[in-house]
Every structure is written in C-alpha cells, then in structure tokens.
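Some notes on the structure that comes next.
Note: hydrogens, waters and symmetry copies are ignored here, and every other heavy atom, side chains too, is used. Numbering of residues begins at 1 and proceeds along the displayed sequence.
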Amino acid sequence: MLPTTTSSDIRFGLLGPFEATVDGDALRIPGSAERALLAVLLLARGRIVPASALIDRLWADSPLPADPLNALQLRVSKLRRVFKNAGLDLVQRDSGGYRAAVDPATIDAEAFERQIRQVRASVAGAGAPSEADLAAYDTALGLWRGDALADFAAESWAVPESVRLEDLRRTAYAERAQIALSLGRHAEVVTDLEPLLRADPTHEAMAGLLMVALYRAGRQADALEVFTRTRTTLDVDLGLEPSASLRSLHERVLRQDPSLGASGEVTLSTPAVRPNHLGSGPQLSGLPNDLAPLVGREELLVSLSDRVGASRLTTLVGPGGSGKTALGLHAAQRLADRFPDGTVLVRLAAIRSSEHIVPAVATAVGMPQDGSAIDLQQRLVDFLADKHLLLVIDNCEHLVDPVATLVEELLTRCPRLTVIATSREPLALPSEVQTLVGPLPTPLEDDDAETIAAAPSVQLLIHRISTVLPGFEADRQTYAALGRIARALDGMPLALELAAARAATLSPSDLADRLDQRFTLLTSGSRTAEDRQRTLRATVDWSYDLLDDLEKRVFVGLAVFHGGWTLTAAEQVLADEETDPSQVIHAVGRLVEQSLIVTERGSVTRYRMLETLREYAADRLSQSGRTDTLATRHAHYFGQVAERSAQAMRGHGDARARHLLVDEQANVRSAIAWLEGPAGDIDAALRLAGQLGLFWHQGRHLEGRRILRRLLEQDRGSAAARAAALQAVSLVERPRACVVHPHPRCADAARESLTIFRECGDADGTAVSQVLLAVEGVNGQEPESSALLDAAEKSFRERGDRWGLAVAGFVRLETALKARDEPAAIRLGRATAAEFRQLDDPWGHSAVLYHLGYGLRHFGRLRESARTLEQAIDVAASAGIHNTVQWALADLGITHLELGDEESARDAFRRAELASRHVGDRAGSILAAYGRGRLAERQQDWSSAISLLTESVQGFETLETPAMTAKATLALARCHEQAYEPEAAAERYAEARALGLTAGELAVAAQAEEGLARLDGGRTDQGQ
C-alpha cells in the first residue's frame, strides 16, 4: 500500500545527515532509535525486512531488551505515529516483518544510483560524452550533503552500506572527470581530483586522470609529481609497481607527447600489478589458459562483448551442449583488459546444494574464509565492494533461484562488478540482458560443397576432426557427409565435438550412416526445449554405445566424483573384483581420447567430465545398482585423503599433502553429505569432519562451523566419532582465527572431547584436547591448565610429535605474555617460532612471531617488537595469511607510535586497512581506526580521538574480540577524561575494567581501576 496522501511530496535523505521532508517541510522524527529503524527499512528499498532481522541489526551493538519483539513494535508504533500526524501510512507490517511503503525514487541514495546508471547508459549508447552527461553527473553528485548515513556512522548495520555508497561516489567522480577531460575542462578536473586522490592515494585511475588534466593545463612538472607520489605510495603500502598504462602515461608526459594534449583522448590507468616474486601468495584463479578456438561464433562474440560493456549482467541462455561456457570464457578473455582486478571463472557444475554457492564464489575470487563473526555472504559483498572485476558464473540452471539472489545482491552492492552467467534458463533479474546461444547454423540438403563448407556447424566439425586427424582434407563427397552429420545433430557444438572425436575410427560417411540408422529423432525439424534435451541425451547415448564394456564401466563409475579427480583417486575408488587398477588407468586414457572426459594440467593432472556427461553417467550408475557401493568407496577414499592431509599439516608425511584438500573440496563435501545420509555412516562423517578441523581452522572457519554444527546437532554417532568432531569444533570456533584465544564454546567442546578420548584410550586425541582446553588458562579460567600442558607435552614427546609440542609451546607463550613473565615469554616465543620454522609451517611460525612481537612491545622492548612484527608480516604475506598480516601491521603501527615515529605509524595503519581487502571482515579498517585514534590521543586531538576510538570499539565488538574491545575502551576513557568529560570517562573506565577482567587483560583492568580512582579523587577534591 502506498502513502495514503498521494499528493504529498515526501523525500528521504541518507546521503548526509538523516532527513525526511513532506512538501518541502522537514518532518521531525524524535528519537535516534526511530530514525535508525526508518533508515534500515529505507535501505531495503520497499522489500519486507523480517522482524528478527530488524532486531539483529538494531540491537547488534547493545544488549537485547528483555522482550525484543515488543521493543521493536514500540519503535514501529512511534514511527507510525509521526507519519500518521502528517497524513501518511508508510511503515507497514507484512508477512512477519515490516517495510517502508515508499517509492524508492524518493530516497536520495536510490535516486543517486539510478541517475548514475542512466548517465552511464547514455554515454555508452551515444559513443561520446556531452555537456548533458556532465550535467547529469553533477546532478547526481549534488544529492550528497555529507557522508553517507552520517547519523549512523557508529552503527554496525550501516557500515557496509555507507562504504558501498562512498565507493560509488568516488567512482562517479572519476567518471565525471573523464567526461570533463574529453570536453576540455582541465582546470575543473584538477580542482575536483586533487583532494580525492589525497584521500585515496592508491587509486590509479584517478591518478591517471589527474596527470592528464595537469598536463593539459600546462603543469607538466605537477603531473610528473603525481606519478612519483603514486608510485611511492604503491611501493611502500602494497609492495606493488604502477600499472603498465600509468607507466606509459608517465613516459608520454616526459616526452611531451602532442597527442596527450588532444581533447577527447583520456587514458585511465589500471591498478598496479604486484612484481612476480616467488611466494607472493595466492592470486585470482582467472580463466583457463588453454581455451580451444571458438568456431562459428565470431559475430555472436563481438555482439556479446559489446553487450557486456553496456550491461553489468549478461546471461547466456540455451540448451545443454550449445557452447554457452566456451562463448562466455572467450568473451571474458576478450574483455580482460577492461577489468583491472581480474576475470574469474566460478564453476557451479559440481555444486549440489545452495549453501555451497557462496563458498565457491569466495574461493574463486581468492577471499579467505577464516574466523569472523560476519556472515560469509556479507563478507563476500564487503570483499568485492570496491573491486573492478568480471565474474563468469558457469552452469547456474540447477541452482537458478539462489544464484539469482546472490548475483542481485552482488550487483546492487558492488558497483564495479560485472557478471556473465551461463544457464539453461534466465536468472530473471530486472537488470539482466539475455543472449540466446542456440545451435550453430547447418547447411541445407541441396547446398553445394562450397556452401556446406562455409556453414559454421561444418567448420566446427572440420576443425575438431583436424585435431584428431592432422592433415584432414575433405572432397565433395566428404562435405556432403559432414552436412548430413551437422543436420542430424542440429548443429549442437557438444554433439559435433563428440562426433568428431570418432573420426579416428569412423569415416564421415560411416558417422553419417550410423546417425541416420540410430537416431531418427536427431533429423527432426523444430524442437521444444524438452526435445533439445533428448537430442543431447541421444548424442551421449551414441557415444556411450561405442565404448567397450570396460570403458562403459569406468565412465559410469566416474560419475561418483564431484569437481574432478586424480588418476590415483579413480584407481582407488573404481578398482574392484571385476576391474583392476591398470584397467582403470587404460580406460581413463581412452575416455580422454574420446572427449568424454577432459584433463586439467598442473603439478598433478586432474580429470573432469562435462556436467551433462556426468549427469548422464550418474543416471546409468543409478540403473546399474552400483551407486551405494561406489559412493561408500568414494567417501572412504576421501576420508583417507583428509587424514593424510591433516597429518601433513602437523608436520608428518609429505608436505604436498597439505594442499590436497584445496583441490578436493567438492569431493569432500559430497563424501560428508553421503555419509550423513540414510545409506551412509554417521561415524565416518563425524571422523572425516574431525580430520578437517585444522584445515578449516587455517582458512575456512565459516564452512567448518556450519558443517560441524549440522553433524553434531543430529545427536547421532558413537562417542569416539563425536569426540573427533568436537575437537574440530574447538579449533574452528576460535575468535579471530587464533588457536590460543580462549572461548567458552571452544572450552566446552575440548572438555567433552577430552573426557571421551581418555575413556577410549586415544593418546593423540587426549593430548590435542588437553592443549585446546589449556588455552582457557591464558585468561585464568582453567586452573588445571599447567597440568594439562605437562601431560600433553609428555605424550607428544613419547610419540615424537614435534608439531604438538610447538602448539603447546604457543599456548605457554600466550600464558606467559598474559602473566607478564618477560623471561619466560621471550624464551618460549623464540624457541616455538624456531620449531614451527623447522617444520615449514608458515601458519604457526607467523602466529608465534606476531604474538611475540606484541609481547615485546608490552615489555618496553620496542625496537625488538618492531623487528619481530615485521618478520611475522613477511612470513604471513608470503603464505597468503592475510588475517595475520592485518593484525600484525596494526600492532606494528602502535609500536612505531610508542617509538615516536608517527609517520611510520600512519604508514602501518594504512597498510593494515589495505590488507583487509584480502580478508573481507573489515578487521584491518577497524584496526586502522584504532591506530589513528591512538595517534590522535598522542597529539591531544581529543575530539578526533574520541570519534575514531568509538568507531573502533564498535568494530571490535562486531568482530567478537573482547581483548581489543577492552583496550580500545580504555583508550577512549582516557580521552574522555582529558576532554573534561568525567561522566563519560567513568562509564568507559568501568566498561574497560569489566572487559579486561573477562578477557584476561589484567593490565587493562588495573589501568581502568586507576582511572576510576583518579576521577573519584577529583570529585572529592571538588567537594572539599
């Protein structure tokens, strides 16, 4: 229902201080709580927000009221009363939630985004920008009255949306500058961009535009200085070199290239590229390097490239086997230069459940999935929010609804993201541009040889046959046969490729004769969608019928794998009484030759099926009655893979086994799903999940938590199997992804698993659970901590487990640091770091160095602390452990601050903020705010310090890091005290004392107690 007074002109302002106006008059909404509620509803843009979601957001940073639903209803009632007095009915209840019944165009944030989209489309359609386009950008940017959601800057629910809007604002300024340059308004661009580049000095596109503007304004020296400043910032902050386009622009300025001064030419630089150093950490997966040539789709490829340039969502729609994936990959390859942050392929074919879609996208774009309180999808949105990236999402049809939901959110909240999707049906989103990928054109029956040869379907056949039979040549008779094949297969690329694969054993005439005899359906004219599916199945039937019995058995059995397999896996799972391992190897080779499976080259060759073929094989497998047997063997094999990988991560066995699980995630998920099902083995599922605990702990906390909680909530399985899963819980639930951070949930899981392992006589399980429970002694919450560690170390020594001893040493280090036992902490830190280094374990090595560096600072050994933290950063960065990098950089900044080196401190805080882009949980940004708050405190800028520290306290609460919350609260209390705000200071000191005691930060609690005493003394003096 729309507002009851339709003649009223109501407007809402989120781009600055919150405001609501009716017919130009400000509408007063008393109460910040009611304004926050309205803002949350407005951000939903007319969609229903469930009551539970509203409660989660509005009370995220404060204790829940006794009756949350009643408290929410009270806020709604007050808000409704305000609008009712103005003759409006805006806040409406609907399906268990609430929505703001407003036209989204009345919200300035929505109006801004719409205007930007419209002007972009106008520029793309016209080919050249105009003064009208420039005015349109000015109109859109003129909607901003200050920072986005300025009244709610301290609210966690507002942070992601404000960051997204601010990023879009900066992008719009850069696009406006590009248009202004093309129109010759150089001085105007300089005035606009100089302050923006100072605020974001690593923005190469903006730097390139400013250099062009300065050069055209006759300020060559200033343009060169911009390049020098940008290069220095990139090198110091990120260890990057400027992009090729920015370097080229620099050279042209030096040469005083006359063409650079020509109005209309603008060079946008792409982001910097990291130098190619060994061990520089994981990079985006990108696209396959060995794409087969695209035949018969040249015109469609050109058209598709233009459409992707004009639209942010293009869906390639067509039947299975029509070549959608190949077309999408070639388009992405062709467009790669337009996307500075990369082009990434996300394969969904192996994903069988909607809950695995977000992890698959996160893995493809290189986003770590380790510990944080933030939901994984929210974290992915934050990670991609400022990236100029092209995602190719392949095979969406079996998960079309959840994929559409995710794509819509990504496109809405990540303004520089572009998506190409392939699916048998559209995603049905408003912004979607659909491209039909149908069969290739086929020749007519009475066409001559030249006409047949020119048909795209025949060209594809000839090209693929030539790869099987080098030097293949066709005469008129052969062209006639090829035309018959193309028509019989309706020009479907997959069917044509399968036919061409038989050219080594069957001539084109023989192929054509077999098709006419076997599949009369293939020669029919127009077909419905269902007929297309039958056509493809008939093609696969034909290919399958040409296999011998061994090849058929292996081909069908391979359907049990998801996401690919190795030759070893195929041997172990498929070899049985009827088929020995050597036969499996032979059959896999033959299937590769016949294009029924494909190879993926790497350090270890992997194999996979096209999903259409895998589904066909799965149907055959089901009919054979072998599904249960092979699924059980598959699950058993990948349980062994997980066990070997877990041992390797603990320093035992081949170090390469550590990386096995990265490639086998789809198979491992499938194995767990099978084992927990009705025909599976819940004990095996629990044990498998238990083996994955350390793997999940070192980068995939969120997925591990979800699977473990699901398995354990079923309350099934033996005690020993549940103990294994509980031990994994004690790892993956750790705050901040750190094994030595206490947590009640981790303690409960470790204690329960310890009891079971003791009863079962499992020495290794007992020792590991003892260490995990002893972590609670760091805060003094576990009185038996020392005895637990003694017992665990004795067991590790007896069994020669150096990794277990190193982890126990890590716990002792953290305990010594909390107890401020300087000699013990330094001795333990150095010895444990050396042990992890010898074990070639960068996770443990960097973590111990980070904690030791942190401790050295608190012991006053500042220069040693700085050196140790820098070592931790180097080790973690080389292994791609970005979570450690951002926290260590923040501590390095505090150390520099205490050394009096404010410039190095600022540099470290800036690098911490940049590092957070690789993690997605905003920890680096929160740490940077904390560091800058401490810097403002040092400079006695109490107002700035209070604002920054308040922001960091709220951020640390969101991250569930009580120790850092306590420290930031203590610093905030000091600033309130110095700013002569005794009541606020007393409140914060009391909070810091309570937080310090809870988190085991006794020094923080003691300093807070001293602050309260000072305040009480001041009050007494005033009274006297």
Side-chain angles (χ1 to χ4, degrees), residues 8-27 39 42-43 45-46 100 102-151 161-197 199-200 203 205-206 209-210 212-213 263-264 266 268 309-312 386 388 411-416 430-431:
S8 298
D9 179 19
I10 183 165
R11 301 282 168 179
F12 298 96
L14 301 177
L15 303 179
F18 180 83
E19 68 175 16
T21 62
V22 178
D23 295 330
D25 296 327
L27 183 65
L42 291 173
L43 288 172
R45 293 166 171 81
V102 301
D103 181 354
T106 63
I107 307 168
D108 59 359
E110 176 68 16
F112 169 69
E113 293 190 55
R114 286 187 180 184
Q115 290 181 31
I116 293 299
R117 287 196 297 269
Q118 289 168 0
V119 70
R120 283 173 177 167
S122 171
V123 172
S130 64
E131 291 285 350
D133 295 322
L134 193 66
Y137 269 102
D138 289 337
T139 300
L141 290 165
L143 294 170
W144 287 75
R145 297 167 290 105
D147 294 337
L149 299 167
D151 289 355
E161 187 70 12
S162 64
V163 169
R164 184 185 71 83
L165 288 168
E166 293 289 354
D167 284 346
L168 183 56
R169 181 189 192 183
R170 282 194 293 270
T171 301
Y173 267 115
E175 292 168 352
R176 183 205 181 278
Q178 187 173 3
I179 293 175
L181 274 178
S182 69
L183 297 174
R185 303 169 82 164
H186 319 314
E188 180 181 311
V189 172
V190 172
T191 302
D192 286 344
L193 292 190
E194 281 186 324
L196 293 172
L197 192 59
D200 190 359
H203 198 301
M206 213 173 287
L209 290 166
L210 181 56
V212 174
S263 181
V266 181
L268 278 174
S311 172
R312 294 179 57 221
D386 61 345
H388 195 177
L411 291 176
T412 300
R413 302 181 61 185
C414 306
R416 306 178 76 193
S431 59

### From CA spacing to verdict: side-chain contact (heavy atoms from CB on, under 4.5 Å), Leu14, Leu165
CA-CA 10 Å; Leu14 301 177; Leu165 288 168; 5.8 Å; no
Mind checking the [atom1]-[atom2] spacing from [X] to [Y]? Nearest 0.5 Å is all I need.
X: Leu193; Y: Leu181; atom1: CG; atom2: CG; result: 7.5 Å
X: Arg11; Y: Asp23; atom1: CZ; atom2: CG; result: 10.5 Å
X: Thr171; Y: Glu166; atom1: OG1; atom2: CD; result: 11.0 Å
X: Arg176; Y: Leu209; atom1: CZ; atom2: CG; result: 12.0 Å
X: Leu168; Y: Arg117; atom1: CG; atom2: CZ; result: 9.0 Å
X: Ile107; Y: Leu143; atom1: CD1; atom2: CG; result: 12.5 Å

Could you tell me if the side chain of [Y] sits less than 4.5 Å from the side chain of [X], heavy atoms only?
X: Arg169; Y: Leu15; answer: no
X: Ile10; Y: Val102; answer: no
X: Leu183; Y: Glu188; answer: no
X: Thr21; Y: Phe12; answer: no
X: Arg114; Y: Pro104; answer: yes

### Qualifying residues under side chain to side chain donor-acceptor pair (under 3.5 Å), relative to Asp147, sequence neighbours excluded
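Residues passing side chain to side chain donor-acceptor pair (under 3.5 Å) with Asp147: none at all.
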### Query
With sequence neighbours excluded, what pairs up with Gln115 under the side chain to side chain donor-acceptor pair (under 3.5 Å) test?
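Once residues adjacent in sequence are excluded, Gln115 has no partner under the side chain to side chain donor-acceptor pair (under 3.5 Å) criterion.
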How far apart are the closest heavy atoms of [X] and [Y], and which atoms are they?
X: Ser162; Y: Ala148; value: CB-O, 3.7 Å
X: Ser431; Y: Ser311; value: O-OG, 3.7 Å
X: Val119; Y: Ile116; value: CG1-O, 3.2 Å
X: Val189; Y: Ala213; value: CG1-CB, 3.7 Å
X: Arg170; Y: Met206; value: O-CE, 4.0 Å

### Query
Does the pair Arg145/Asp108 count as a salt bridge with the N-to-O cut at 4.0 Å?
yes
### Message
Let's go through Phe112 and Leu141 carefully: what are the C-alpha distance in whole Å and the side-chain angles of both, what is the deciding distance for side-chain contact (heavy atoms from CB on, under 4.5 Å) to 0.1 Å, and is it a yes or a no?
### Response
CA-CA 7 Å; Phe112 169 69; Leu141 290 165; 4.0 Å; yes
### Query
Does the Asp133 side chain pair with the main chain of Ser130, one donor and one acceptor, at a distance under 3.5 Å?
yes
